[in-house]
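Reviewing the structure listed below.
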Amino acid sequence: MDSVFKKYIETFSFQSKENNHEIVSFSDFFKELSIFSNYKNISISVTYLNNENFFISNNHTKGFFLERDISIDKLENINTEYKKIQKSIGKITNLFGFENRYLENITELLSNDADSFGLGVFTEEFNNRIRNNEQKNKIDINTLFTIGYEGNGNRLILDKNNNLYIYGHDLISSNYDTLEDFPPNTFYSIPNIKNLTDLISMFFDDFVK
């Protein structure tokens, strides 16, 4: 059994039978991610669960669950680059051992369901907050897609131009950058993380350390 997976099971009392796992290169498992060639020779551990579900570890202290299916193909009007990367990686959940402050509260990354269009339950809240704000006519929330969720409900948002934001409905941290013309507790940006490629690089940079 992969040592990181074993530690995850012990930490969270996760029920799992003995699963097959193997050590493979990053490029063998994430075959289509040529844009992240700097990881290609790094060895990772892949634990095979069921129905295209996996636990991926760096063989040391960090890991995450991964779900692969074709749900993203059923969605229309999705950013082309996002669809390609989502299919190449899969949906990430249950990050374990990550150290980057912008990843520590993530519960899901690279979402692939129809409920991730727009702002979901925060649509009315956002419209109320910008009712008297000139930014109201500068963003079409119907073109946004939530690619990640935090445990407190905040959302990682991608627009049609591949710009990345966080919708922080209860954000009180000073670690994020405010955006001009947006009222508090709506849209923010992550310092130095402006698009999808930046986000995926941040994720795997942390993972392989």
Side-chain angles (χ1 to χ4, degrees), residues 1-75 78-116 145-152 155-156 158 193 196-209:
M1 179 178 287
D2 173 82
S3 61
V4 183
F5 187 47
K6 182 179 180 181
K7 187 174 181 180
Y8 179 92
I9 290 173
E10 294 171 348
T11 301
F12 296 102
S13 300
F14 181 77
Q15 299 297 316
S16 177
K17 61 181 182 180
E18 183 76 22
N19 298 97
N20 294 328
H21 81 280
E22 61 178 343
I23 306 300
V24 301
S25 70
F26 185 96
S27 59
D28 282 341
F29 189 77
F30 297 110
K31 299 180 185 297
E32 305 300 324
L33 290 182
S34 58
I35 58 174
F36 303 113
S37 58
N38 50 316
Y39 308 120
K40 66 180 181 180
N41 295 321
I42 292 174
S43 295
I44 61 174
S45 174
V46 179
T47 298
Y48 296 86
L49 302 175
N50 54 64
N51 300 324
E52 292 297 301
N53 289 279
F54 311 89
F55 183 84
I56 312 297
S57 91
N58 66 354
N59 297 308
H60 298 293
T61 59
K62 300 174 185 178
F64 57 91
F65 284 84
L66 189 69
E67 175 187 318
R68 282 180 164 173
D69 61 29
I70 58 172
S71 297
I72 197 74
D73 284 336
K74 302 175 183 178
L75 304 182
I78 293 288
N79 179 296
T80 302
E81 182 179 358
Y82 178 70
K83 179 176 284 190
K84 179 181 178 181
I85 288 179
Q86 203 284 332
K87 289 177 67 176
S88 298
I89 299 176
K91 182 170 70 175
I92 295 167
T93 60
N94 298 81
L95 280 63
F96 183 68
F98 281 70
E99 300 169 342
N100 189 297
R101 67 175 60 177
Y102 300 110
L103 297 172
E104 62 184 7
N105 200 30
I106 294 289
T107 58
E108 179 178 308
L109 191 62
L110 300 181
S111 305
N112 60 355
D113 58 87
D115 290 338
S116 293
F145 191 78
T146 298
I147 67 171
Y149 296 85
E150 293 189 341
N152 56 8
R155 293 178 168 221
L156 286 169
L158 195 69
I193 307 297
L196 180 61
T197 302
D198 291 342
L199 177 68
I200 299 304
S201 294
M202 177 179 72
F203 177 85
F204 282 118
D205 282 348
D206 190 333
F207 172 69
V208 302
K209 286 194 301 184

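Owing to the predicted nature of the structure, the values given are computational and were not obtained by experimental measurement. Numbering of residues begins at 1 and proceeds along the displayed sequence.
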If you take all heavy atoms of [X] and [Y], which pair is closest and at what distance?
X    : Y    : result
S45  : N59  : CB-OD1, 3.2 Å
V208 : N58  : C-ND2, 4.4 Å
F26  : I44  : CA-CD1, 4.3 Å
V4   : S57  : CB-CB, 3.7 Å
I106 : L109 : CG2-CB, 4.1 Å
Q86  : S111 : CG-O, 3.9 Å

Taking NZ, NE, NH1 and NH2 as the nitrogens, is one of them in K87 or D73 under 4.0 Å from a carboxylate oxygen of the other?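 Salt bridge between K87 and D73, a charged N being under 4.0 Å from a carboxylate O: yes.
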
When rounded to the nearest 0.5 Å, the distance separating OG of S88 from CD1 of I200 is 10.0 Å

Inter-residue atom distance I78.CD1 - T80.OG1, 0.5 Å rounding: 9.5 Å

Is the ring centre of [X] less than 6.0 Å from the ring centre of [Y]?
X   : Y    : answer
F96 : F64  : no
F54 : F29  : yes
Y8  : F65  : yes
Y82 : F145 : yes

Test side-chain hydrogen bond (donor to acceptor under 3.5 Å, both in side chains) applied to E81 and T197, step by step: CA-CA 9 Å; E81 182 179 358; T197 302; 3.0 Å; yes

Please determine, by modelled atom types, if D2 and T47 share a side-chain donor-acceptor pair under 3.5 angstrom.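 No, because no side-chain N or O of D2 sits under 3.5 Å from a partner of the opposite role on T47.
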
Would you kindly say whether Y149 and S116 are connected by a side-chain donor-acceptor distance under 3.5 Å?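 The answer is yes; a qualifying pair exists.
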
Could you tell me if R68 sits above the aromatic ring of Y48, with its cationic atom closer than 6.0 Å to the ring centre and no more than 45 degrees from the axis? no

Result for side chain to side chain contact (heavy atoms under 4.5 Å, CB included) between E108 and one of E150, K91, R155 points to K91

For residues [X] and [Y], determine if any side-chain heavy atom of one lies less than 4.5 Å from a side-chain heavy atom of the other.
X    : Y    : result
T93  : T107 : no
L199 : M202 : yes
N112 : L75  : no

Flag if over 12 foreign heavy atoms under 6.0 Å of NZ, K83: yes

Is it the case that more than 12 heavy atoms not belonging to K7 sit under 6.0 Å from its NZ atom? no

Could you walk me through whether D28 and S25 pass side-chain hydrogen bond (donor to acceptor under 3.5 Å, both in side chains), step by step? CA-CA 5 Å; D28 282 341; S25 70; 3.0 Å; yes

Testing F207, F204, Y39 for ring pair (Phe, Tyr, Trp, His ring centres under 6.0 Å) with F30, which one passes?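 Option passing the ring pair (Phe, Tyr, Trp, His ring centres under 6.0 Å) with F30: F204.
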
